[in-house]
Amino acid sequence: MNARLLPLAAFVLLVGLLGFGLRWNMHHDQREVPSPLIGKAAPEFRLPVLNASNREFGSADLKGKPYLLNVFGSWCPSCVDEHPVLVRYAKELGLPLVGYNWKDDAADATAWLARFGNPYDVIVADTVGRTAIDFGVYGAPETFLVDGDGFIRLKRVGALTPDYVEKELKPAIAALRRSGAGGQP
């Protein structure tokens, strides 16, 4: 009798797992990838400035200032979706917005920015992608909120949306200002 109930038990278990998975997916953002770097020091970086290969910019230039680091590429379709949000909110957020052009050709990135606008205060170019590995970048776009002490406070995998900016990013920036984490922008 027990041997005949084994397939039924396996079926019930699979249906239960499927139901759990469906319920979980309905209540959790699939783009949210937890980062082990949240609350840890952001990796030090120094990279060439886009279209100014004789000039470099890095984390030391931002010491004491909270900033947003936005990973993008001209080859990235989701970056096109995200870009109007960056253009709209860049000044309103009140933090330096560092563009991190990842694995891209400088001419392509320049043409892309000319077409869609440039919301960035500075753009660094990482054509090889080594620094991106240090940041744990999965793909573009990704955005990091780094406090003035150099700690990563928030990471967004995927395109920023107005809803995310209003409900997650702005409150996180306000919390930084209230706590005095690393000074004012």
Side-chain angles (χ1 to χ4, degrees), residues 33-74 76 78-79 82-104 106 109-110 112-113 116-161 164-166 168-185:
V33 179
S35 173
L37 296 178
I38 301 296
K40 296 192 172 128
E44 299 273 330
F45 70 93
R46 186 142 203 90
L47 293 166
V49 173
L50 183 67
N51 293 324
S53 58
N54 60 336
R55 188 173 151 230
E56 290 187 336
F57 185 87
S59 50
D61 298 308
L62 296 160
K63 191 172 175 116
K65 297 179 188 173
Y67 64 95
L68 289 171
L69 180 78
N70 177 253
V71 180
F72 77 99
S74 65
C76 164
S78 295
C79 296
E82 174 186 66
H83 209 69
V85 176
L86 291 171
V87 169
R88 174 180 169 194
Y89 286 100
K91 298 300 177 208
E92 186 180 326
L93 294 174
L95 299 177
L97 178 57
V98 177
Y100 185 101
N101 187 239
W102 183 45
K103 293 187 175 185
D104 205 355
T110 302
W112 191 86
L113 289 164
F116 296 110
N118 183 355
Y120 302 108
D121 295 297
V122 65
I123 302 169
V124 294
D126 186 3
T127 55
V128 178
R130 289 206 190 281
T131 302
I133 292 170
D134 295 340
F135 271 93
V137 171
Y138 294 92
E142 289 189 18
T143 304
F144 297 84
L145 173 61
V146 181
D147 72 18
D149 294 323
F151 289 90
I152 296 173
R153 296 299 171 197
L154 194 66
K155 177 182 179 182
R156 168 73 171 186
V157 175
L160 293 176
T161 63
Y164 182 82
V165 170
E166 293 294 337
E168 301 290 333
L169 189 54
K170 281 185 173 182
I173 292 169
L176 283 183
R177 289 188 175 126
R178 281 192 306 273
S179 72
Q184 295 299 314

Asker: Residues in side chain to side chain contact (heavy atoms under 4.5 Å, CB included) with S78, at least two apart?
Answerer: C76, P141
Asker: Please report, to 0.1 Å, the donor-acceptor pairs under 3.5 Å made by any side chain of residues 83-99, with sequence neighbours excluded.
Answerer:
residue: H83; atom: NE2; partner: G117; partner atom: O; Å: 2.7
residue: Y89; atom: OH; partner: E166; partner atom: OE2; Å: 3.1
residue: E92; atom: OE2; partner: K170; partner atom: NZ; Å: 2.3

Asker: Do T143 and E82 pass the side chain to side chain contact (heavy atoms under 4.5 Å, CB included) test, and can you show the C-alpha distance, the side-chain angles, and the key distance before you say yes or no?
Answerer: CA-CA 11 Å; T143 304; E82 174 186 66; 3.8 Å; yes
Asker: Please check if the side chain of Y164 supplies one atom and the backbone of A159 the other of a donor-acceptor pair under 3.5 Å.
Answerer: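 The answer is no, because no donor-acceptor pair under 3.5 Å joins these two groups.
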Asker: Enumerate the ring pair (Phe, Tyr, Trp, His ring centres under 6.0 Å) contacts for residues 53-72, please, sequence neighbours excluded, ordered by first and then second residue.
Answerer: F72-W112, F72-Y120
Asker: Would K155 and E142 pass as an ion pair if we require N to O under 4.0 Å?
Answerer: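 Yes.
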Asker: Checking L176 against L145 for the side chain to side chain contact (heavy atoms under 4.5 Å, CB included) test, could you report, in this order, the C-alpha distance in whole Å, the side-chain angles of both residues, the deciding distance, and whether it holds?
Answerer: CA-CA 10 Å; L176 283 183; L145 173 61; 3.9 Å; yes
Asker: Taking atom CZ of F144 and atom OH of Y100, what is their separation to the nearest 0.5 Å?
Answerer: 9.0 Å
Asker: Going by the rule side-chain hydrogen bond (donor to acceptor under 3.5 Å, both in side chains), which residues pair with T131 if we only count those two or more places apart in sequence or in a different chain?
Answerer: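 With neighbours one apart ignored, the set is empty.
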Asker: Check whether any side-chain heavy atom of D147 lies under 4.5 Å from a side-chain heavy atom of I152, and answer yes or no.
Answerer: no
Asker: Return a table of donor-acceptor pairs under 3.5 angstrom between the side chains of residues 41-52 and protein atoms on other chains or two or more places apart.
Answerer:
residue: E44; atom: OE1; partner: S59; partner atom: OG; Å: 3.4
residue: R46; atom: NH1; partner: D61; partner atom: OD2; Å: 2.9
residue: N51; atom: OD1; partner: T110; partner atom: OG1; Å: 3.3
residue: N51; atom: ND2; partner: T110; partner atom: OG1; Å: 2.4

Asker: As a quick check of understanding, evaluate side chain to side chain contact (heavy atoms under 4.5 Å, CB included) for V146 and L154, giving each step before the final call.
Answerer: CA-CA 7 Å; V146 181; L154 194 66; over 6 Å; no
Asker: Which residue pairs pass the salt bridge (charged side-chain N to carboxylate O under 4.0 Å, His left out) test when at least one of the two sits in residues 125-139, sequence neighbours left out?
Answerer: none
Asker: Please check: side-chain N/O of D104 versus main-chain N/O of G73, any donor-acceptor pairing under 3.5 Å?
Answerer: no
